[in-house]
Amino acid sequence: MSAEARSSVRNAGLLVVQWGAQVGAGIAFAAVVPRMMGPEVYGRYSLITSVSLWFVLAASLGLLPVMGRYVPELRADPGRLRAFFGRLLGLRLV
């Protein structure tokens, strides 16, 4: 097996271990934290978390797919690319 193949297998294994640890931590969080906080405090925490997630999603306005679609086409023309990013930044600031 080549060095690149060993490195790829090792990195894939580390990603699987990381994913498993993340799932385990999520399960532990869901099992422990609500019981420690109580229903009223955990309800407030859950509301604040979900509202902040909605604000983050609304603020992004699908920026990543738009950039993935148009930036490669505009790389050849720096002026148009600068104008494109200026408009996106203005839209996000509004």
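For the single chain, residues carry numbers from 1 onward in sequence order. Treat the numbers as computed from the prediction; the structure is a model and nothing was measured.
- Here the CD atom belonging to E73 is positioned 9.5 Å from the CZ atom belonging to F84, to the nearest 0.5 angstrom.
- Applying the salt bridge (Lys or Arg N to Asp or Glu O under 4.0 Å) definition to pairs two or more places apart or across chains, those involving residues 44-61 are E40-R44.
- At distances below 3.5 Å, not a single donor-acceptor pair connects side-chain atoms of S46 with backbone N or O atoms of Y42.
- Transitive grouping of hydrophobic side chains (ILVMFWY, heavy atoms separated by less than 4.5 Å) brings I27 and W19 into a common cluster.
- Residue T49 holds its OG1 atom at 14.5 Å from CH2 of W54, rounded to the nearest 0.5 Å.
- Hydrophobic clustering (side-chain heavy atoms under 4.5 Å, transitive across Ile, Leu, Val, Met, Phe, Trp, Tyr) keeps V33 apart from I48.
- Heavy atoms only, all atoms of each residue included: R75 and L81 are closest at CA-CD2, 4.4 Å.
- Side-chain atoms of S7 never come within 3.5 Å of backbone atoms of A3 as a donor-acceptor pair (strictly under, hydrogens ignored).
- Between the CZ atom in R82 and the CG atom in D77 there is a gap of 9.0 Å [rounded to 0.5 Å].
- For the atom pair CD (Q18) and CG (N11), the distance works out to 11.0 Å, reported to the nearest 0.5 Å.
- Of all non-hydrogen atoms in P78 and A76, the two that sit nearest each other are CD-O, 3.4 Å.
- In terms of hydrophobic clustering, with Ile, Leu, Val, Met, Phe, Trp and Tyr side chains grouped at heavy-atom distances under 4.5 Å, L15 and V23 are assigned to different clusters.
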